[in-house]
Protein chains: 2
Amino acid sequence: MKASDRATLGRTPMFRDVPPEICDRLAIGAFVQTLPKGALLFEQGGEAEFLHVLLEGRCGLVGARSDGEECVVEIMHAGSAFILPAILLEAPYLMSARVLETSRIAMIPAGPLRRALDQEPHLMRAAAFDLARYWRILVQQIKDLKLRSAHERVAAHLSTMCRQTAAGPAVLNLDQEFRSIAAKLGMTPESWSRSIRQLETVGVRSAGRRIEIEDVARLRAFAGVDGLQ
Amino acid sequence: MKASDRATLGRTPMFRDVPPEICDRLAIGAFVQTLPKGALLFEQGGEAEFLHVLLEGRCGLVGARSDGEECVVEIMHAGSAFILPAILLEAPYLMSARVLETSRIAMIPAGPLRRALDQEPHLMRAAAFDLARYWRILVQQIKDLKLRSAHERVAAHLSTMCRQTAAGPAVLNLDQEFRSIAAKLGMTPESWSRSIRQLETVGVRSAGRRIEIEDVARLRAFAGVDGLQ
DNA sequence: CATCTGCCTTGACCTAGATCAACCGTCTGG
DNA sequence: CCAGACGGTTGATCTAGGTCAAGGCAGATG
């Protein structure tokens with residue numbers, strides 16, 4: 001593992017508060033993979049052999065049915081560690097992971113990680129906090145699916161995309177494929193397209209990947225955002 | 001806290017593997033509440049002041065929109081601890097909790113718990129494992145919502161209700177209100193009713209709260225259960 | 001015993017969003 | 001330069017499941 005990768009790892013939410021010497025120890029046993037778009041990182045039902053830390057790029061966690069139907073459960077961005085629960089519980093993966101755009105991924109072997117977790121309270125603490133953060137993200141997503149319409153989910157997504165802006169105008173440059181965003185939001189690309197259209201009524205103007213928002217507060221109000229996310 | 005409650009607490013998944021003396025310390029600062037059906041345990045957006053451990057009964061975790069619309073995210077059964085993430089992160093509740101049937105709940109103050117977590121690796125470890133288990137439950141639920149139809153979710157629910165039976169016939173006696181189950185499964189009571197009806201085609205016979213299943217394996221196949229839950 | 005209230009079921013209807021199909025830019029490789 | 005391939009848009013249609021309204025039934029209450 002290169003020094004620059006080691007540094008990136010140390011800035012990750014999961015490892016940020018872990019003493020450097022523990023990180024170093026884990027980094028020694030780890031390696032970094034660069035994978036192209038479309039690569040399958042691991043498969044639902046498989047044994048968890050590595051903690052994956054996304055240094056750069058984007059990956060999708062997708063659930064599959066027995067009949068081959070798939071859905072995107074979550075999209076991981078640079079800095080995210082997955083899939084810790086499977087490692088802790090020594091349980092098979094609940095989802096597959098697919099690379100959405102060329103990614104650099106640190107692979108930390110499960111065995112040494114489990115041992116380090118048991119020996120280093122700091123690391124276990126970091127793991128617990130990381131899990132707690134993800135728990136909230138998942139809960140938020142369930143709330144989204146259960147009590148927001150597709151239009152509202154799109155509005156909520158856009159407004160979290162510009163979370164630094166409290167109110168007033170904003171401009172977004174969406175770099176993800178629309179199909180991935182749509183899948184994450186639990187809708188088809190067609191519906192995403194129509195929703196973007198629909199949002200013109202609350203001051204959202206779109207031109208390709210560039211999206212102009214007249215007033216973020218207005219968009220938030222439409223989405224029914226509760227300030228908890 | 002009564003001795004019997006203390007014993008129940010010690011059999012909980014969260015506290016099972018925690019050394020008794022640590023449990024005792026927490027139990028001293030804790031108290032037990034008995035609440036009737038309908039009581040509001042805590043409210044979305046509020047500050048997390050207690051870890052709640054459900055000793056007996058059932059509670060629903062419900063998310064709310066700003067306009068008052070609500071949805072059930074999860075139903076907690078006896079033995080479950082909630083809501084740990086809010087306590088760890090000192091973040092406001094993402095959901096409200098409502099008592100679904102008369103419940104006894106151990107209330108463990110957040111401050112002492114946080115301190116104990118930081119001092120006792122065993123406790124932090126137990127917390128991490130508990131969070132990991134819940135993470136998987138939530139992921140499973142998202143997969144359910146995104147790639148199963150209402151009928152299939154009902155089938156899946158029934159088949160997990162009789163998870164001790166691998167195949168062959170089974171009889172269930174559902175003691176929860178149907179409306180709660182329906183809400184948890186993300187559908188209306190009417191749809192639940194119709195789904196139960198529909199499942200007659202795969203050998204499910206229902207009479208009030210008693211449900212007979214001709215062949216659990218057949219039901220599982222219909223639900224597309226993947227053996228991971 | 002009669003009434004009421006809450007839970008469940010059933011039927012008729014409606015709508016959000018999926019599906020299917022055609023089409024349009026843009027980018028890539030020959 | 002042209003031919004695909006790919007990602008996105010748009011329109012037409014279909015359907016799962018929500019909504020609304022009307023009972024039915026059982027347990028609580030007078």
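Scope of the values below: all heavy atoms of this structure, side chains included, with no hydrogens, waters or symmetry mates. Naming: A, B, ... by sequence-line order, numbering from 1 per chain.
When heavy atoms are screened at a 4.0 angstrom cut-off, R194(B) is found touching base atoms of the nucleic acid. Across all strands, K37(A) comes closer than 4.0 Å only to sugar-phosphate atoms, never to a base (heavy-atom distances). Residue E190(B) is in base contact, counting any heavy-atom pair closer than 4.0 Å across all strands shown.
At least one side-chain heavy atom of K184(B) sits under 4.5 Å from a side-chain heavy atom of E74(B). Using a 4.5 Å cut-off on side-chain heavy atoms (C-beta onward), L199(B) and I211(B) make no contact. A 4.5 Å side-chain heavy-atom check between Q176(B) and H77(B) finds at least one atom pair inside the cut-off. The side-chain heavy atoms of H52(B) and M107(B), taken from C-beta on, include a pair separated by under 4.5 Å.
For the pair F178(A) CZ and dG25(C) P, the computed distance is 17 Å after rounding to whole Å. Across the protein-nucleic acid pair, K146(B) atom NZ and dA18(C) atom P stand 11 Å apart, rounded to whole Å. R210(A) has its CZ atom 19 Å from the C1' atom of dT26(C), to the nearest Å. I196(B) places its CD1 atom 15 Å from the C1' atom of dC7(C), with the value rounded to the nearest Å. In this structure, the CD atom of Q176(B) is 11 Å from the P atom of dC8(C), given to the nearest Å. Distance CZ (R153(A)) to C1' (dA16(C)): 10 Å, rounded to an integer number of Å. Between the C1' atom of dC7(C) and the CG atom of D175(B) lies a distance of 15 Å, rounded to the nearest Å. Residue Q198(B) contributes atom CD, which lies 13 Å from atom P of dT10(C) at whole-angstrom precision.
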task = Please step through side chain to side chain contact (heavy atoms under 4.5 Å, CB included) for the pair R209(A) and D175(A), ending with a clear verdict.
result = CA-CA 7 Å; R209(A) 321 205 73 83; D175(A) 57 335; 5.9 Å; no
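For DNA chain D, the outermost nucleotides in 5' to 3' order that have an atom under 4.0 Å from a heavy atom of chain B are dG17(D) to dC20(D).
Taking 4.0 angstrom as the limit, R209(B) places a side-chain polar atom (N or O) nearer than this to OP1 or OP2 of dC8(C). Between S193(B) and dC8(C) there is no side-chain N or O to OP1 or OP2 distance below 4.0 Å.
If you take CZ on R148(B) and CD on Q141(B), they are separated by 11.5 Å, rounding to the nearest 0.5 Å.
A81(B) approaches Y134(B) most closely through the heavy-atom pair O-CE1, 4.1 Å.
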